[in-house]
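All figures in this text were calculated on a predicted structure; none of them were measured in a lab. So that the names make sense, note that chain A is the first sequence line, chain B the second, and so on, each numbered from 1.
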Amino acid sequence: MIKITFPDGSQKEFKKGISSLEIAEGISPRLAKEVYSATVNGELLDLARPVDVDATIKLHKWDDTEGKHAFWHSSSHLMAEALEALYPGIKFGIGPAIENGFYYDVDPGTSRVITETDLPVIENKMKELAATNHAFIREEISKKDAIELFTKKGDEYKTELISELQDGTITLYKSGSFTDLCRGPHLTSTEPIKAIKLTSVAGAYWRGDEKRKMMTRIYGITFPKQKMLDDYLVFLEEAKKRDHRRIGKELELFTFSQKVGMGLPLWLPKGSEVRQNLINFLTALLKKRGYKIVTTPHIGNVDLYKLSGHFEKYGKDSFQPISTPQEGEQFMLKPMNCPHHCEIYNATPHSYKELPVRMAEFGTVYRYEQSGELHGLTRVRSFTQDDAHHFCRPDQLRDEFKNIIDLILYVFKIMNFNDYTAQISLRDPDNKEKYIGSEENWEKAERDIIEAAGEKNLVTNVVRGEAAFYGPKLDFMVKDAIGRKWQLGTIQVDYNLPERFDLTYNGNDNQKHRPVMIHRTIFGSMERFVAVLIENTSGKFPLWLAPDKAVILPISDKFNDYAAKVLEILNNSDICTLIDDRSEKIGKKIRDNELKRIPYLLIIGEKEAESGTISVRKQGDGDKGVMKIEEFVNFIRSEIKNELAF
RNA sequence: GCCGAUGUAGCUCAGUUGGCCAGAGCAGCUGAUUUGUAAUCUGCAGGUCGGGGGUUCGAAUCCCUUCAUCGGCUCCA
């Protein structure tokens, strides 16, 4: 007998060699039906695997990531089986489960193209195969046999993958007529897969290398119940309505022009208002926290970027240098603000007593992003960073770092961004030559970041190989409407630029010392931040950010005079207000202005004109009753104050 | 940049296998109406069917090319 310990601490004895599935059945047959994989002694396994020793076990249902992953991973094999049936000779790359569903990278062979119109056919084949309810069978295989098997099959992608695996760790999974190289775990059978939707098809380089073959990637998602798929599709439809590109157009916030150039956003008046509100908000915050605001030009001499190292690394992929009438003189559109800020630091001598120097700028930068990569306001070629650089003594680094974390979290709280993730990006330990700076400095910087985040109780995931070339960083990501993650705030330690620009301060020993530099943004860029804000609020900005706070709706033309008077009072009280004096019925005016997401609708008719009041309706929330004009002014002011108070 | 898809009025979309002057709703402008909490009615105006080239008696529709957009990949200082 073996002893099994469950997550709640309870223990039970079972026969040696029992499977997780049988254990689940022993608890309840219903549970057994809902379980998709199990973690046994820390190892994620198929339900069918026998348990031979005393173990702690956790059974994974749909609600666990592990459960979903087994479900979707098996679905991806099911799709592969369908593809093999429909496209004989098709070759397979990798087919993992992802955050929402799964994909498989395939090579249909020359002269065969899979497009979206083919997806329903593949979907139907999958349903047909799923209905036959065949099992996923695990099999261990030697490296030699595995290579032989896939060589025979003619699948060079699989043989390439196998060649990099260690002998003795290679497993195959068979389902129906399809055999795949796979680590697992998988469902016991295709039986639970009830609802199937293939969502899109896209190109993807084999192993992410743009020099290698472009595979066809087919995305799909499956569920154990049709209702869950229907709900998911409705969610996607709803999310589309929150797309910032669509709302930006609807609410006249920003636009793009082919004549101006792709990826170069044009901020319309209302969008500019939102943007300016954000800038004013953050500027006030920065001044309180000891930042000094600076301003630098949009261009810089090429030599500046040669000195900083950016030219060597990114010069080829940037907007190309601008030549001047002067022979040999070249300027670049600035792709970042740091070199300019370094030179500002260098303009005056610094004592250890005045450090840290905190230098901030809403700096517009230009980066030549690849054309296929541009996306609304989230990925553009010109954008304004809420950039800042902290120049500090090494002993101040940790505290500076923690202060910035505080600031970012404070701003996210005001913005109601609750669903963010924090990622610590470190060097790729196997590729250290990719980075500049000394080993010693890198190690210290990485340690400082990890410890500062720890001291702030920040939940982070650590990713190796994602660091900037000059230093490690801590990034804050917020999701858009359909769950794509975008990096907003970032804090980056840099021991490199201070060396290159020979930045110094006088220590208490009257010797020159090297400051540490921290790069940081909170919004990331005004463009990306506004985009994410739009998608998170579906364009219903909080009152303090809204470009127009209220709109006056006279019930008929007879009250236009009184409406004009109210308008003047409100605008004079710094409450940006519009008037809708069209000869339309009040219902129509309400509808139109509700759709414009103006926070307050002020309805004015005979009663209001006589008593000097307004009837207040809150956007999305209906009638709020009658108020004196002064009362409303104070109400709006206190609302805004509340929104910004934490 | 790469793979695939898409491009018709300011916006959202119709336009059967190529065939008479390319349609609708919303928005806009007219005029009527003077309205009490999510759509009043009338009339008008709006398009070189992304651009260029070709096939054809005839192209929004077929072919080539180019530009842009969308979904991904790669990249992201």
Asks: So, does the side chain of Glu369(A) form a donor-acceptor pair with the base of rG1(B) at under 3.5 Å?
Replies: no

Asks: Starting from P on rC76(B), measure out to CH2 on Trp486(A) and report it in whole angstrom.
Replies: 15 Å

Asks: Using Watson-Crick or G-U wobble geometry with both distances under 3.5 Å, which nucleotide pairs with rG58(B)?
Replies: none

Asks: Could you check whether Arg381(A) makes a cation-pi contact with Tyr368(A), meaning its NZ or CZ is under 6.0 Å from the centre of the six-membered ring and within 45° of the ring axis?
Replies: yes

Asks: Once you apply a heavy-atom cut-off of 4.0 Å, does Ala204(A) come out as touching a base, just sugar-phosphate, or nothing?
Replies: sugar-phosphate

Asks: Less than 6.0 Å separating the ring centroids of Tyr470(A) and His519(A)?
Replies: yes

Asks: Does rC2(B) have a Watson-Crick or wobble mate here (both distances under 3.5 Å), and if so which one?
Replies: rG72(B)

Asks: Heavy atoms from C-beta onward define the side chain here; which of rA68(B), rG4(B), rG36(B) lies closest to that of Met262(A)?
Replies: rA68(B)

Asks: Taking the P atom in each of rA27(B) and rA68(B), what is the distance between them to the nearest angstrom?
Replies: 34 Å

Asks: Identify whether any heavy atom of Arg379(A) sits under 4.0 Å from a base atom; if not, whether one sits that close to sugar-phosphate; answer base, sugar-phosphate or nothing.
Replies: base

Asks: Scan Gly587(A) against the nucleic acid and name what it touches under 4.0 Å (heavy atoms): base, sugar-phosphate only, or nothing.
Replies: sugar-phosphate

Asks: Kindly point out which of rU34(B), rA38(B), rA68(B) is positioned nearest to the side chain of Glu594(A)?
Replies: rA38(B)

Asks: With P as the reference atom in both, quote the distance from rC62(B) to rU6(B) in angstrom, rounded to an integer.
Replies: 10 Å

Asks: Using whole Å, report how far CG of Asp209(A) lies from C1' of rC3(B).
Replies: 15 Å

Asks: Please work out if Ser371(A) contacts a base, only the sugar-phosphate, or nothing of the nucleic acid, heavy-atom cut-off 4.0 Å.
Replies: base

Asks: Please give the distance between the P atoms of rG4(B) and rG18(B) as a whole number of Å.
Replies: 25 Å

Asks: Test for a donor-acceptor pair under 3.5 Å between the base of rG1(B) and the side chain of Tyr368(A), counting only N and O atoms.
Replies: no

Asks: Return the value, rounded to whole Å, for the distance between atom CD1 of Ile603(A) and atom C1' of rU34(B).
Replies: 16 Å

Asks: Please report the distance separating the C1' of rG46(B) from the corresponding atom of rG23(B), rounded so that it comes out in whole Å.
Replies: 13 Å

Asks: Just to be sure I understand the rule, does Glu584(A) reach a base, reach only the sugar-phosphate, or reach nothing, if contact means heavy atoms closer than 4.0 Å?
Replies: base

Asks: Could you check which of rU37(B), rG72(B), rU35(B) has an atom nearest any side-chain atom of Ser615(A)?
Replies: rU37(B)

Asks: Mind running ring pair (Phe, Tyr, Trp, His ring centres under 6.0 Å) on Tyr291(A) and His390(A) for me, showing each step along the way?
Replies: CA-CA 9 Å; Tyr291(A) 284 85; His390(A) 295 224; 5.0 Å; yes

Asks: Which nucleotide, if any, forms a Watson-Crick or G-U wobble pair with rG7(B), using both distances under 3.5 Å?
Replies: rC67(B)

Asks: Among rC2(B), rU37(B), rA5(B), which is the nearest nucleotide to the side chain of Met214(A)?
Replies: rC2(B)

Asks: Does Lys91(A) come within less than 4.0 Å of Asp155(A), counting only side-chain N to carboxylate O?
Replies: no

Asks: Within 90° of 0 counts as syn, otherwise anti: where does rG46(B) fall?
Replies: syn

Asks: Could you tell me whether Lys558(A) contacts a base, only the sugar-phosphate backbone, or nothing, with contacts defined as non-hydrogen atoms closer than 4.0 Å?
Replies: sugar-phosphate

Asks: Provide the distance between the two P atoms, one in rU48(B) and one in rU56(B), to the nearest whole Å.
Replies: 27 Å

Asks: I'd like to know if Ser556(A) reaches the base of rU33(B) with its side chain, counting only an N/O donor and acceptor under 3.5 Å.
Replies: no

Asks: Can a donor-acceptor pair under 3.5 Å be found between the side-chain atoms of Glu116(A) and the base atoms of rA5(B)?
Replies: no

Asks: Can Asp387(A) and Thr521(A) be counted as having a side-chain donor-acceptor contact under 3.5 angstrom?
Replies: no

Asks: Salt bridge between Glu639(A) and Lys549(A), side-chain N to carboxylate O under 4.0 Å?
Replies: no

Asks: Rounding to an integer number of angstrom, what distance separates rA9(B) and rG54(B) when you compare their P atoms?
Replies: 25 Å

Asks: Tell which nucleotide pairs with rA24(B), taking only Watson-Crick or G-U wobble pairs whose two distances are both under 3.5 angstrom.
Replies: rU12(B)

Asks: Quick test of your reading of the model: are Asp448(A) and Lys444(A) salt-bridged, counting only N-O distances below 4.0 Å?
Replies: yes

Asks: In terms of side-chain heavy atoms of Arg245(A), which of rG71(B), rU37(B), rA77(B) is nearest?
Replies: rG71(B)

